Amino acid sequence: MTQTDRTRLFDRIYALVREIPPGRIATYGQIAGIVGCTARVVGYAMAATPDGGGVPWQRVINSRGEISARPGDGASRQRALLDREGIRFSPAGRVALDEVRWSGPGWEWLERNGYDPGA
DNA sequence: AGGTTGACAAAGG
DNA sequence: GCCTTTGCCAACC
């Protein structure tokens with residue numbers, strides 16, 4: 001590996017988020033558990049995610065099933081994007097994670113990216 | 001080289 | 001079910 005590990009870490013997160021299909025929602029903890037880091041790092045990586053980079057950052061929310069506060073006022077934009085994908089929000093602004101929760105990437109994707117599906 | 005910050009999560013009250 | 005505290009690890013200053 002010619003690049004530093006930290007670059008690979010962000011790259012892993014972006015690659016994984018990119019695998020989230022439309023109409024599906026993943027939590028920070030879920031992503032963190034797969035890439036092998038804490039949820040906070042995932043949140044920081046999302047904050048550094050460039051718009052239009054092909055990374056559906058909008059499909060990543062907190063474990064409470066709600067859009068967490070983020071710099072600026074892009075929260076409503078994220079909500080609009082998810083609503084466009086068919087995600088329904090509760091009156092409290094929360095989503096039913098039990099229904100739209102992402103099942104995670106396929107085992108072949110994991111193996112292809114150097115993960116260990118058995119673990 | 002060291003301290004602070006942060007799009008969080010899990011546990012406790 | 002909601003709010004507070006604790007732990008977490010990488011990026012940023």
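Bear in mind that the values here come from a model prediction, so they are computed numbers and not experimental data. Below, chains carry the letters A, B, ... as their sequence lines are ordered, and counting in each starts from 1. Both backbone and side-chain heavy atoms feed into the values below; hydrogens, waters and symmetry mates do not.
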Tell me: [atom1] of [X] to [atom2] of [N], nearest whole Å?
{"X": "A:Leu97", "N": "B:dA10", "atom1": "CG", "atom2": "P", "value": "11 Å"}
{"X": "A:Ile34", "N": "B:dA9", "atom1": "CD1", "atom2": "P", "value": "14 Å"}
{"X": "A:Gln30", "N": "B:dA10", "atom1": "CD", "atom2": "C1'", "value": "16 Å"}
{"X": "A:Asp51", "N": "B:dA7", "atom1": "CG", "atom2": "P", "value": "14 Å"}
{"X": "A:Ile13", "N": "C:dC9", "atom1": "CD1", "atom2": "P", "value": "14 Å"}
{"X": "A:Arg77", "N": "B:dA7", "atom1": "CZ", "atom2": "C1'", "value": "13 Å"}
{"X": "A:Ile20", "N": "B:dA7", "atom1": "CD1", "atom2": "C1'", "value": "14 Å"}
{"X": "A:Ile25", "N": "B:dA7", "atom1": "CD1", "atom2": "C1'", "value": "13 Å"}

When you look at A:Arg112 and A:Trp107, which way does the side-chain contact (heavy atoms from CB on, under 4.5 Å) test go after all the steps?
CA-CA 8 Å; A:Arg112 197 194 324 150; A:Trp107 60 269; over 6 Å; no

Check DNA chain B against residues 56-68 of chain A and give the residues with a non-hydrogen atom under 4.0 Å, in numerical order.
A:Trp57, A:Asn62, A:Ser63, A:Ser68

Can you tell if the side chain of A:Val35 reaches within under 4.5 Å of the side chain of A:Tyr115, non-hydrogen atoms only?
yes

So what does A:Ala47 touch, heavy atoms closer than 4.0 Å: a base, only the sugar-phosphate, or nothing?
base

Is A:Arg94 touching bases, backbone alone, or none of the nucleic acid, heavy atoms closer than 4.0 Å?
sugar-phosphate

Tell me if a side-chain donor or acceptor on [X] pairs with a main-chain N or O of [Y] at a distance below 3.5 Å.
{"X": "A:Thr27", "Y": "A:Gln30", "value": "yes"}
{"X": "A:Tyr14", "Y": "A:Gly53", "value": "no"}
{"X": "A:Gln78", "Y": "A:Gln58", "value": "yes"}
{"X": "A:Arg59", "Y": "A:Ile20", "value": "yes"}
{"X": "A:Asn113", "Y": "A:Trp109", "value": "yes"}

Would you name the heavy atoms of A:Ile13 and A:Val42 that are closest together and state the gap between them?
CD1-CA, 4.1 Å

Measuring from the side chain of A:Thr27 (C-beta onward, heavy atoms only), which nucleotide among C:dC2, B:dA9, B:dA7 has the closest atom?
B:dA9

For DNA chain C, which residues in residues 35-46 of chain A have a heavy atom at a distance below 4.0 Å?
A:Thr38, A:Arg40, A:Val41, A:Tyr44

Answer yes or no: side-chain N or O of A:Tyr28 and base N or O of B:dA9 forming a donor-acceptor pair under 3.5 Å.
no

Considering residues, nucleotides and ligands other than A:Arg18, do more than 12 of their heavy atoms fall under 6.0 Å from its CZ?
yes

